[in-house]
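Please see the structure below; I have some questions.
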Amino acid sequence: MNKARKLIIAGNWKMNKTVAEALDLVRLLKHELVNVKEVDLVVCPPFTALSEVSAAILDSNLRLGAQNMSEHNSGAYTGEICAGMLKEFSVRYVILGHSERRQYQKEKDALIAKKALAAHTSALKPLVCVGETLAEREEGKAEKVLETQVRGSLAGLTKDQMEETIVAYEPVWAIGTGKTATTEQAQEAHGFIRRLLAAMFDETVAKRVRIQYGGSVKPANARELMSQPDVDGALLGGASLDARSFADIVKNSI
Ligand code: PEP
């Protein structure tokens with residue numbers, strides 16, 4: 001597939017996989033995807049498996065991501081993990097503002113923006129998630145919600161930092177539900193986000209930023225979604241827990 005930007009496909013394992021299960025999964029992924037050079041491939045295990053997974057993928061084309069981090073660099077923040085700690089395991093990417101964290105941990109755009117800045121300060125690339133709920137879409141507010149989240153979660157980034165940031169458009173109604181946005185809905189939202197980035201930063205930045213789609217991506221719908229001009233990859237939840245489905249999504253996207 002001829003794309004304007006290199007595709008990036010990331011697997012968000014969420015709160016799944018023991019260390020042993022994680023190692024089994026990456027062993028299979030390494031084997032399945034050994035020849036893939038056209039796509040940036042990222043696995044995001046839970047914190048508890050980062051160390052072992054990091055060692056297991058050293059000699060591969062898989063890169064390591066985390067699912068969250070603190071906006072602080074150190075200190076009395078019980079239960080938190082900072083960017084510097086992630087760097088110890090050669091983590092390169094960090095998912096920020098996932099809708100589950102927005103929903104269950106009440107994370108707001110301003111906090112996500114602080115985390116994104118902290119990530120860049122430690123040379124981690126943030127994957128910043130945005131997306132509307134079903135009610136918001138049905139009320140015709142999807143673009144308004146996206147604009148608020150994009151402006152708020154990326155506030156304060158420099159142009160250089162923005163170019164190294166990945167935006168993940170994840171309509172909340174499509175996450176883990178089996179309902180995927182149509183290719184038209186996905187392209188429309190991605191195009192909207194890119195135009196917004198041009199207004200917030202500039203055209204060059206907007207052309208370089210990769211915007212992933214997330215929400216019930218499967219081997220069967222990956223090709224059509226990835227063929228949209230402003231869709232530059234996928235953030236996978238459920239499908240990333242199975243080596244075959246992750247690998248098939250990658251292969252169907254090339
Ligand atoms: C996600 O949680 O980021 C996600 C896209 O999940 P799923 O692929 O399971 O819908």
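Just so you know, ligand 1 is whichever comes first in the structure, and atom 1 is the first atom listed for that ligand.
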- Side-chain H-bond candidate by donor/acceptor type, Gln67 with Trp13, under 3.5 Å: no

- N or O contact, Thr177 vs ligand 1, cut-off under 3.5 Å: no

- Task: Could you tell me the residue and atom name of the protein heavy atom closest to atom 1 (C) of ligand 1, and the distance to it rounded to 0.1 Å?
- Result: His98 NE2, 3.2 Å

- NE2 (His31) with more than 12 external heavy atoms under 6.0 Å: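 Atom NE2 in His31 is not crowded, with 12 or fewer foreign heavy atoms closer than 6.0 Å.
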
- Query: To the nearest 0.1 Å, how far is atom 8 (O) of ligand 1 from its closest protein heavy atom, and which atom is that?
  - Reply: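 Minimum-distance protein heavy atom for atom 8 (O) of ligand 1 reads Gly237 N, 2.8 Å.
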
- Item | Test of proximity, Ala239 against ligand 1: N or O pairs below 3.5 Å |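 No; every N/O pair is 3.5 Å or more apart.
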
- Task: With heavy atoms under 4.0 Å as the rule, classify the contact between Cys129 and ligand 1 as side chain, backbone, both or neither.
- Result: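 None of Cys129 does.
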
- Query: Looking at Lys207, Lys3, Arg194, which hits salt bridge (charged side-chain N to carboxylate O under 4.0 Å, His left out) with Asp230?
  - Reply: Arg194

- Message: Would you say Gln149 and Tyr169 are linked by a side-chain donor-acceptor pair, where the criterion is simply a distance under 3.5 Å?
- Response: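 Gln149 and Tyr169 do not have a side-chain donor-acceptor pair below 3.5 Å.
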
- Task: Indicate if Val43 and Val250 have the same hydrophobic cluster label, given that clusters are the connected sets of ILVMFWY residues with side-chain heavy-atom separations under 4.5 angstrom.
- Result: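 Both belong to a single hydrophobic cluster.
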
- Query: So, is Gly176 polar-close to ligand 1, with some N/O to N/O distance under 3.5 Å?
  - Reply: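 Yes.
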
- Item | Interfacing atoms of ligand 1 (cut-off 4.0 Å, heavy-atom, Gly215) | 5 (C), 10 (O)

- Message: If you compare all heavy atoms of Ile249 against all heavy atoms of Lys218, which two are closest, and at what distance to 0.1 Å?
- Response: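 Where Ile249 meets Lys218 most closely, the heavy atoms are CG1-C, 3.5 Å.
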
- Task: Determine, considering heavy atoms only, which of Gln67, Glu170, Lys179 sits nearest to atom 5 (C) of ligand 1.
- Result: Glu170

- Taking only non-hydrogen atoms of Ser216 and a 4.0 Å limit, the atoms of ligand 1 in range are 7 (P), 8 (O), 10 (O)

- Task: Return yes if a side-chain donor-acceptor contact under 3.5 Å exists between Arg63 and Ser54, otherwise no.
- Result: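 Short answer, no.
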
- The residue among Leu196, Val128, Asp109 that forms side chain to side chain contact (heavy atoms under 4.5 Å, CB included) with Val150 is Leu196

- Query: Which atoms of ligand 1 are found less than 4.0 Å from any heavy atom of Lys14?
  - Reply: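 In order of numbering, the contacting atoms are 1 (C), 2 (O), 6 (O).
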
- Note on the structure: Numbered in order shown, the ligand 1 atoms found under 4.0 Å of a heavy atom of Ile175 are 1 (C), 2 (O), 4 (C), 6 (O), 10 (O)

- Message: Would you say Lys115 and Asn68 are linked by a side-chain donor-acceptor pair, where the criterion is simply a distance under 3.5 Å?
- Response: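 Yes, Lys115 and Asn68 have a side-chain donor paired with an acceptor closer than 3.5 Å.
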
- Looking at Ala174, which atoms of ligand 1 are within less than 4.0 Å of one of its heavy atoms?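 Matching atoms, with element in brackets: 10 (O).
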
- Message: Please check whether Gly238 reaches ligand 1 - meaning an N/O of the residue sits under 3.5 Å from an N/O of the ligand, judged on distance alone.
- Response: yes

